[in-house]
Amino acid sequence: MERYNHRETEIRWQKVWEERGTFAAGEDYSKPKYYVLEMFPYPSGRIHMGHVRNYTMGDVVARYKMANGFNVLHPMGWDAFGMPAENAAMENKVHPAHWTYENIDAMRAQLKSMGLSLDWNREFATCDPEYYSQQQSMFLDFLKAGLVYRRKSKVNWDPVDQTVLANEQVIDGRGWRSGALVEQRELTQWFFKITAWSDDLLTALDGLEKWPEKVRLMQRNWIGRSEGVRMSFELIDQGSHVSASAIELFTTRHDTLFGASFCAMSIDHPLSQELAASDPSLQEFIDDCRRVGTSEEDIEKAEKKGYDTGLKALHPFDKNRQLPVYVANFVLMDYGTGAIFGCPAHDQRDLDFARKYKLDVIPVVVPRDVDPATFEIGNEAFVEDGVMANSDFLNGLDVETAKDKAAAALENQTLDGKPQGERTVNYRLRDWGVSRQRYWGCPIPVVHCDACGVVPVRKEDLPVALPDDVSFDKPGNPLERHATWKATSCPECGAAAQRETDTFDTFVDSSWYFARFCSPRATVPVDREAVDYWLPVDQYIGGIEHAILHLLYSRFFTRAMRETGHVGLDEPFEGMFTQGMVNHETYRAAEGAWLSPAEVRIVGEGGERRAERLSGDGEVAIGSIEKMSKSRRNTIDPTDIIETYGADTARWFMLSDSPPERDVIWTEAGVEGAHRFLQRIWRLVGDAAAHLADAGDGTAPEEFAPEEFAPAALALRKAAHRALSELGNDVEHLRFNRAVARIYELANELGAFLGSYDSNTPGAAFALHEACGILVQCIGPMMPHLGEECWARLGFDGILADQSWPGVDETLLLEDTVTIAVQVNGKRRDELTISRQLTNAEVEAAALDLESVARAIGDKQVRKVIVVPERIVNVVAA
RNA sequence: GCGGGCGUGGCGGAAUCGGUAGACGCAACGGACUUAAAAUCCGUUUCUCCUUGGAGAGUGGGGGUUCAAGUCCCCCCGCCCGCACCA
C-alpha cells in the first residue's frame, strides 16, 4: 500500500475547502452561533511554533462546533501597528507599511498551509485605513461621552533618539537602542478613563467562570482594591511658608494612628517640589533618588532614605504630638495621595526607616496573651491581629473594631471645615495612557487650534490617514517633522491649526478587533445586529502574557462601547484559555555560541546521549530546555516541519501528551511518533476500505443494521461509541491530550479487529464501517487533511468538513457486567467480574467466596463488608 | 516578602465524586517478517524479594481523618509562575 503523501493531499484539500467556502461564517442569525478566536498575531514575518499550537487548538474547537451544528465564526487578522516596523524602516530603509504587508503575505501563506478552518473573507490588519478610521470614529464617540481626557504625565524620554520609551525599553536607566541616559519629561498625553470602571472590572471577574482562576487573580491584583481612610494631617509651618495647610494621605491602618511617628511624602509630591524650589539640598536629595535606576532590582536594593523637611504634622487625636515630615524615596506618588504616615511598629518599611532615623517605635497592637508593658518590637514589625494598646480610646479593641472606631472619629472631627478623614476605597489601577509619539500607529483624530484649543476632527473628515512620504533617517517622530501633514484648519473656526501628532498605543487596536470581526467591512465601527448576534467570543485562546493588559483593556473597551451604543454587553470573552509555551532543548558550542537544532546531530541515548556538530567537529553541550527564542537559537521553523511531515503531523503533535495549559517540549522523537501514527491510520483505513469494498455496498445505512452481532463486532461498536462519547467531552473542555489518547485507544481496537477480520461473522462489516466512520470523524478536527482523505477512501458521501458530528448510541455504553476490585482491609486482593444486576448481598457473597480473599483473611474474623455498587468490595477483618 | 500553581515509572502524562494508581504516548527490551536493514506487526516494561505463582513496598517527606487517601486536613521540603516599598 502506498504511503500517505501529505504534500499532495494537504494542498488539494485546502483548495477544496476554499472553493466550497466551507469555513465562511453563515449570515443566518437564527442559528445557534459559536465564536472561536485565537489572539491575532503581530506580523513579524514568520509564524512560530507557539502560533501553531495556539491556532491548532482553536481550530479543533471550531471544526468540532461546526460539526455540532453551530454557525461558527473563526476569523483571523493582524495586529499590525507597532515599533518593529519602524525599527525595520530605520535599519533597512523600507517603509513600515511595505514591510508590514509583505510580512502579512508571508504569514498568511504559512497559516494557510496549516489547513485552519478560518474565514479569510473577514481578514483585516489594524494598519488598514478602513480599520483605523473606524477606531478614530469610536475614539470621537468616547471623547464626547467623557471617557477620554488629556493631562500632563511623565514619560521616559530618550534625548538621542528624540523619542518616548516604554518602561521595558529602559535598561539600567538608558535607552535600549541609543544607550543614552533616559530623562523624565512631562508631556500632555491622552488617557482613557479605565478607572471609571475600577470596581466593575473587579467585581465582574466573579462572573467570568470560564476563565482560568489564575488570570482572574492577576487582574484582581492589578486592579488592587483596598479599603481605608483618606485623611489629613494639619501642618505646622515653622517658617518655610508652604502653600498647603495640611497634608493628605491614604491609609489602611488607621487603627495604628497612635503608633505614628512620622509622615513621609513622595519625591514627586507637589509639596516636595514646592519645598525643593527654595531648598537646594532637598532638590539634590530628590535628584539622587531619581538617579537610582528604574529596574525592579535597583528599587529593591535601594535603601530607605528620607529628608527631613522641618515641617511638623499635628497628630489628629493628640494635639500634643507633632510628627516630623520627611520626603522619602520609598513613597510612591502613583498610589493613594503620594503621602503616608509611618507607624514603625506595624509596618516593616516604616520600621526600617525609623531605625535609620532614630524615630520612635511605639507598639499599639499587641499579640493576645502578651503583656503590653513588656512587648517590644525588634527588627520585625508586628503585622498580625492583636489587642490595641497605648491607643487612648482604642485600647483593648481588636484591629477590625479599632479601624471602625478610628474612622468614625476622623469623620466626626473637622479640619478646615471638612471632616478630617473619610472612609474610601483606593485602587491601584490607573487611567490608561494611550499617547505614543510614533509614526506607525493610528493617528489620534484631533487638531490643536490657537483659538479653540483641542478640537475633535469631524467624523466626515475621517480617516486622519498616515502620510506615506515619511523618512526615518532622523531621530524623532516623523509625523512631527513632516513638511505638510500637520497643517490643517480648525473644524470649529476654520483658522489654521495643527494636527495631533501622537498615535495610539497599539493595545488600543487590539482592544476591539474581536468586535470588528463580526462585521469587518461595515462603514461604522461595528454593525449592531452583527455584534449582538456574534458577541461575546465564546472561546478565546492565547498566551498568558496577555493575561492582564490586553484582556483588561478589552474589557474596558467593551464597557466604553456599550456606553456609546456600539455594543450591548460588558464582557467580550465568555470563555478564556491560556495555552502553554513551546520549549526546546538548547545547544552550545565549545566557544559558547548558541547552536540551532538544525546545526546539531544527536547521538546515543539515555546517559550516553550527546550532541555533535553537523559541520565538522567540536564539542556541543546539551543545555537546558527553554522557551523557543531567537536569542538561544532553539527555534524550530513550522514551515520546515510542515514541509517534512505535513501540517497534520505538526498539529497532532501539538495536541498530544502535554495538557494544553502547560508547556510542551518539542522533540524530534515526538514529531516522528506523531507522523507514524498518521501513517498507521492511513494503513488501517486502507485495510478497512478493502474489506468494505469486498462486502459489496461500501455504505451501510442505519436501517441495514443487522439483528445480530458477534462478540468481536459488538466489542468494536462499544469501543467506538465509548471513544466518541469521551472525546466529545474532552474537546468541550479543551482537554486535547486526553482526546488524543481516546483516538489511540480506538485505533488500537480497530487494528486488533482488522487483524482477525472475518467477513462471515455476524455484523462484522457493519461494525467496521461504523467504527471507521467514527474514527475518521474524531480525527477530523485534529488532522483535517488526513480525515478528508480517509473519508474519501472509505467511499463515504460528501466531504468530511460538511458532516454532522455522529451521535453516541448510549445503549452501547452500558455494559451488562462490571469488573470491580475486591479488597481485604483496604488492600486489593482480587477482582470480580459480575452482573450489574446483583444485589449487594450477592456481591458480598461472591467476594467472600474467592479463594484469594479467604487466603488473605486467614484466621481473622470478618467484621464488616463494604460494598460500593459497581465500584469496590472491601472486607474488613480483624 | 505577598499571592498562586505544581511535585505520580527511564520520560511526557492519565486517574472528572475519596473506591483496581500508572490509561495513552515516547523510549527500552524480546519475538515475527526480511539475505540484511528500515518500515511494519505481536509481546514485555513501577520497584524489591523469592521458584512457576505469589509476597511486600509505592503518587516529594512526616503526621492525621476514613472500611478505603495521588485525591481531604495539618506540618515540612523542593520546583515553577505572577506581583513586588501599593501604606
Side-chain angles (χ1 to χ4, degrees), chain A residues 1 3 212-218 220-222 224-226 228-229 249-254 256 264 296 299-300 302-304 328-332 334-343 346-350 352-353 383 426-429 544-545 547-548 605-607 609 653 656-659 661-665 667 669-670 672-674 676-677 679-680 683 726 729-730 733 735 737-748 751-752 755 819-832 852 855-856 863-878:
Chain A
M1 189 192 311
R3 279 169 70 83
E213 190 48 47
K214 183 189 170 80
V215 173
R216 293 198 280 175
L217 192 75
M218 284 164 79
R220 273 186 203 111
N221 291 340
W222 186 261
R225 180 183 198 274
S226 55
V229 166
L249 52 90
F250 174 74
T251 180
T252 58
R253 291 304 303 271
H254 36 290
T256 65
E296 278 176 17
I299 294 168
E300 192 176 355
E303 201 185 348
K304 288 180 178 47
N329 64 343
F330 68 96
V331 180
L332 304 173
D334 290 329
Y335 189 78
T337 64
I340 61 155
F341 79 81
C343 176
H346 306 292
D347 183 290
Q348 192 59 46
R349 296 158 299 181
D350 298 346
D352 295 345
F353 190 80
V383 295
N426 192 61
Y427 295 90
R428 203 189 83 110
L429 182 69
I544 187 77
E545 66 273 20
I548 299 177
E605 64 207 23
R609 194 165 175 280
F653 179 59
S656 307
D657 289 353
S658 291
E661 69 279 8
R662 270 194 236 174
D663 290 356
V664 64
I665 303 168
T667 63
E672 278 170 4
R676 272 201 301 274
F677 180 67
Q679 295 289 358
R680 182 160 160 241
R683 277 193 309 275
E726 289 180 354
N729 200 15
D730 289 337
H733 293 93
R735 295 186 292 230
N737 58 320
R738 301 207 322 184
V740 162
R742 302 288 86 82
I743 291 175
Y744 273 111
E745 276 167 353
L746 179 55
N748 289 343
T819 301
I820 64 170
V822 181
Q823 298 178 334
V824 177
N825 288 337
K827 265 197 181 79
R828 183 182 171 280
R829 292 296 168 181
D830 209 338
E831 59 182 34
L832 204 52
S852 50
R855 184 153 24 98
R863 301 282 179 204
K864 197 161 135 190
V865 179
I866 288 147
V867 179
V868 183
E870 296 180 33
R871 288 216 186 260
I872 207 161
V873 178
N874 190 9
V875 178
V876 185

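What you see is a predicted model; the values in this text were computed from it and never measured. In what follows, every heavy atom counts, from backbone to side chain, and hydrogens, waters and symmetry copies are set aside. Every chain is numbered from 1 and lettered A, B, ... according to where its sequence line falls, protein lines coming before strand lines.
The gap from the C1' atom of B:G13 to that of B:G9 amounts to 11 Å, rounded to the nearest Å. Here, B:C29 and B:G3 have their C1' atoms 47 Å apart, quoted to the whole Å. Taking the P atom of each, B:G56 and B:A21 are spaced 14 Å apart, rounded to whole Å.
Phosphate contact (OP1/OP2 of B:G82, side-chain N/O of A:R216, threshold under 4.0 Å): absent. One finds a side-chain N or O of A:N748 lying less than 4.0 angstrom from the OP1 or OP2 phosphate oxygen of B:G25. Contact annotation: A:R871 side-chain N/O to B:A68 OP1/OP2 distance is not under 4.0 Å. Here A:R428 reaches the OP1 or OP2 of B:A84: one of its side-chain N or O atoms lies under 4.0 Å away. The side chain of A:K827 places no N or O atom within less than 4.0 Å of a non-bridging phosphate oxygen (OP1 or OP2) of B:G56. Regarding contacts with the backbone of B:A87, a side-chain N or O of A:Y335 is found under 4.0 angstrom from either OP1 or OP2. OP1 and OP2 of B:A21 both lie 4.0 Å or more from every side-chain N or O belonging to A:R828. When the side-chain nitrogen and oxygen atoms of A:R829 are compared with OP1 and OP2 of B:A55, one or more of them lie within a distance under 4.0 Å.
The salt bridge (charged side-chain N to carboxylate O under 4.0 Å, His left out) search around A:E870 returns A:R836, not counting sequence neighbours. For A:E831, the salt bridge (charged side-chain N to carboxylate O under 4.0 Å, His left out) criterion is met by A:R828, not counting sequence neighbours. For A:N874, there are no side chain to side chain donor-acceptor pair (under 3.5 Å) partners, not counting sequence neighbours. A:F353 is linked by a ring pair (Phe, Tyr, Trp, His ring centres under 6.0 Å) to A:F262, A:Y326, A:F330, A:Y357, counting only residues two or more places apart in sequence or in another chain. Taking A:L832 as the reference, A:I820, A:V822, A:I834, A:A846, A:A847, A:L850 meet the side-chain contact (heavy atoms from CB on, under 4.5 Å) condition, with sequence neighbours excluded. A:E661 meets the side chain to side chain donor-acceptor pair (under 3.5 Å) test with no other residue; sequence neighbours excluded. A:R829 meets the salt bridge (charged side-chain N to carboxylate O under 4.0 Å, His left out) test with no other residue; sequence neighbours excluded. When the salt bridge (charged side-chain N to carboxylate O under 4.0 Å, His left out) test is applied to A:D657, no partner is found at least two apart in sequence or on another chain.
Taking the syn range as angles within 90° of 0, the glycosidic angle of B:C17 is syn. In this structure, B:G9 shows a glycosidic angle within 90 degrees of zero, which is the syn conformation.
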Measure all distances between protein nitrogen or oxygen atoms and nitrogen or oxygen atoms of nucleotides 63-67 of chain B, and list the pairs falling under 3.5 Å.
residue : atom : partner : partner atom : Å
B:C67   : O2'  : A:N874  : ND2          : 3.0
B:C67   : O2   : A:N874  : ND2          : 2.8

Between protein and nucleic acid, restricted to nucleotides 3-6 of chain B and to nitrogen or oxygen atoms under 3.5 Å apart, what atom pairs and distances do you find?
none

Are any protein N/O atoms closer than 3.5 Å to N/O atoms in nucleotides 45-48 of chain B? If there are, list each pair with its distance.
none

(request) Dot-bracket notation for RNA chain B is requested: 5' to 3', Watson-Crick or G-U wobble pairs only, both distances under 3.5 Å, with ( ), [ ], | and . as defined. (result) (((((((..(((......[....))).(((((.......))))).(((((..)))))..(((((..]....))))))))))))....
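Relative to the side chain of A:M218, the nucleotides B:U20, B:A87, B:G82 differ in distance, and B:G82 lies closest.
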